[in-house]
Amino acid sequence: MSDSFVRVARLEDLGPGEVLGSEVAGVEIALARDEDGGVHALSDVCSHDDVALSDGDVEGCTLECCKHGSQFDLLTGRPLQLPAVRPVPVHPVRVDADGSISVDPVRSLAGADG
Ligand code: FES
């Protein structure tokens with residue numbers, strides 16, 4: 001099985017309730033940490049318009065778009081309210097014992113491509 005995980009950040013760079021935008025192997029990724037400490041990677045492009053979700057805010061287990069306020073479920077990528085109606089891709093995340101966070105930009109677990 002091929003491993004396409006790419007190291008993108010360290011756990012101490014991303015506190016609970018924070019989001020970071022980064023480009024991972026040419027894919028725009030919003031790396032978000034829910035308020036319980038779980039780390040999630042979503043496409044960093046809102047499905048409603050060409051806006052970076054990493055400019056928004058983490059609310060519970062959702063990421064809220066800064067432009068029109070749609071909230072996307074961090075686990076499924078599904079929008080939980082209008083105006084967005086399409087999900088965004090969710091990518092696999094790995095947190096290693098040394099605190100490094102890696103994302104697989106190739107595969108998506110759910111969302112628009114899954
Ligand atoms: S651009 Fe994200 S909800 Fe409209």
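Every number for a ligand or one of its atoms is a count from 1 in the order of the listing.
- Remark: R33 does not engage D13 in a salt bridge, criterion side-chain N to carboxylate O under 4.0 Å.
- The backbone N or O of G38 lies less than 3.5 Å from no partner atom in the side chain of D36, so there is not a single donor-acceptor pair.
- Regarding atom 3 (S) of ligand 1, its nearest protein heavy-atom neighbour is H68 CB, 3.5 Å.
- Against a heavy-atom cut-off of under 4.0 Å, S70 is close to the following atoms of ligand 1: 3 (S).
- Annotation for R94: atom CZ counts as buried by contact number, over 12 foreign heavy atoms lying within 6.0 Å.
- Of all N, O or S atoms in H48, the one lying closest to atom 4 (Fe) of ligand 1 is ND1.
- The backbone N or O of E64 sits nowhere less than 3.5 Å from a side-chain atom of D57 that would complete a donor-acceptor pair.
- For ligand 1, the atoms closer than 4.0 angstrom to any heavy atom of C65 are 1 (S), 2 (Fe), 3 (S).
- Contacts of C46 with ligand 1, taken as heavy-atom pairs under 4.0 Å, involve the side chain alone.
- Atoms of ligand 1 found under 4.0 Å from any heavy atom of D49 (numbered from 1 in listed order, with element): 1 (S).
- Looking at T62 and D73, their side chains never bring a donor and an acceptor atom within 3.5 Å of each other.
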